[in-house]
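Keep in mind it's a predicted model, so treat the numbers as computed, not measured.
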Amino acid sequence: MDARLNLLDNPIAAKSLRHVISAGKVVSDSTLPAATQELVKIRASQINGCGFCTDMHTKDATHAGETSTRLNLVAAWREAKVFTDAERAALELAEQGTRIADAAGGVTDEVWANAAKHYDEDQLAALVSLIALINAFNRVNVIVQQPAGDYQPGQFG
């Protein structure tokens, strides 16, 4: 299976993605915990059906020391006892932020307030940015049908 468009060889796609990647660097350099960042990226990618991003971020999380138990339970985080209250708040925000079209009103005040109990303003800004960015990556990869399974941790730098 090949992607419909080579995102790295096409000059328009490559230039556009470089800007999105630069925005992602701001988030990755923030004080939002790295494990939380990966969990959010995995959950949004699962919801959006992005195999490439799910593959990439589960492998990156594993490489960073995340346990298989936690990774296997991301999709069922509400019933899992392996996530902190802060991680659960981030996952809920990620779900509602990803499913905006499915919910009248988008992210509820209750979900926002719960996230705000666990994260300071800079971390919330990073979390909101992260949710937007992973959704953008998911959409690009789903549209071009980017194949999944071959990603190696660190392959993009």
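Side-chain heavy atoms closer than 4.5 Å link hydrophobic residues (I, L, V, M, F, W, Y) into clusters, and following such links, possibly through other members, connects Val40 to Leu124. In the hydrophobic clustering of this structure, Leu5 does not group with Tyr151; members are Ile, Leu, Val, Met, Phe, Trp, Tyr whose side-chain heavy atoms approach within less than 4.5 Å, directly or through other members. No chain of hydrophobic side-chain contacts below 4.5 Å, direct or via other Ile, Leu, Val, Met, Phe, Trp or Tyr residues, connects Val128 to Val26. By the criterion of side-chain heavy atoms lying less than 4.5 angstrom apart, applied directly or through intervening Ile, Leu, Val, Met, Phe, Trp or Tyr residues, Val142 is not grouped with Ile47; the two fall into different hydrophobic clusters. Hydrophobic clustering (ILVMFWY, side-chain heavy atoms < 4.5 Å, transitive): Leu93 and Leu133 are in one cluster.
Within the 3.5 Å criterion, the main-chain N or O of Ser68 finds a donor-acceptor partner in the side chain of Asn72. Looking at Tyr119, its side chain never comes within 3.5 Å of a backbone N or O of Ala126 through a donor-acceptor pair. Of the possible polar contacts, none joining the Asn48 side chain to the Cys50 backbone as a donor-acceptor pair under 3.5 Å is found. In this structure, the side chain of Asn141 engages the main chain of Phe137 through a donor-acceptor pair within 3.5 Å. Judged by distance alone, the side chain of Gln37 and the main-chain N or O of Leu32 form a donor-acceptor pair under 3.5 Å. Within the 3.5 Å criterion, the main-chain N or O of Thr31 finds a donor-acceptor partner in the side chain of Gln123.
The number of heavy atoms from other shown groups lying within 6.0 Å of CD (Gln155) is above 12. Sparse packing is recorded around CG of Asp150, with 12 or fewer heavy atoms of other residues, nucleotides or ligands lying under 6.0 Å away.
Between Val27 and Ser129, the closest heavy-atom pair is CG2-CB, 3.7 Å. Taking each heavy atom of Asp60 and Pro153 in turn, the nearest pair found is OD1-CA, 3.5 Å. Here the closest non-hydrogen pair linking Pro147 and Met1 is CG-O, 3.3 Å. Closest non-hydrogen pair, Val107 versus Gln96, comes out as CA-OE1, 3.3 Å. Residues Thr36 and Ala90 share a closest heavy-atom pair of CG2-CB, 3.6 Å. Of all the heavy atoms in Asn114 and Ala89, the pair that sits closest is ND2-CB, 3.5 Å.
Residues passing the side chain to side chain donor-acceptor pair (under 3.5 Å) test with Thr54, sequence neighbours excluded: none. Under the side chain to side chain donor-acceptor pair (under 3.5 Å) criterion, Glu95 pairs with Arg43, Trp77, Arg78, not counting sequence neighbours. With sequence neighbours excluded, no residue satisfies salt bridge (charged side-chain N to carboxylate O under 4.0 Å, His left out) with Asp109. Scanning for salt bridge (charged side-chain N to carboxylate O under 4.0 Å, His left out) contacts around Asp55 gives Lys59, with sequence neighbours left out. Under the rule for a side chain to side chain donor-acceptor pair (under 3.5 Å), the partners of Arg70 that lie at least two apart in sequence or sit in another chain are Glu66, Glu87. The side chain to side chain donor-acceptor pair (under 3.5 Å) check on Glu38 picks up Lys41, His57, with sequence neighbours excluded.
Taken to the nearest 0.5 Å, the CG atom of Asp120 stands 11.0 Å off from the CG atom of Leu127. With rounding to the nearest 0.5 Å, the separation of NZ in Lys81 from OG1 in Thr69 is 12.5 Å. Ile134 contributes atom CD1, which lies 9.5 Å from atom CD1 of Ile42 (distance to the nearest 0.5 angstrom). To the nearest 0.5 Å, atom CG of residue Leu39 and atom CG of residue Leu73 are 11.0 Å apart. We find the OG-CE distance between Ser45 and Met56 to be 9.5 Å, quoted to the nearest 0.5 Å. Between atom OG1 of residue Thr98 and atom CD1 of residue Ile100 there is a gap of 8.0 Å, rounded to the nearest 0.5 Å.
Using cut-offs of 30° and 60° on the angle between ring planes, the pair Phe52 and Phe156 is tilted.
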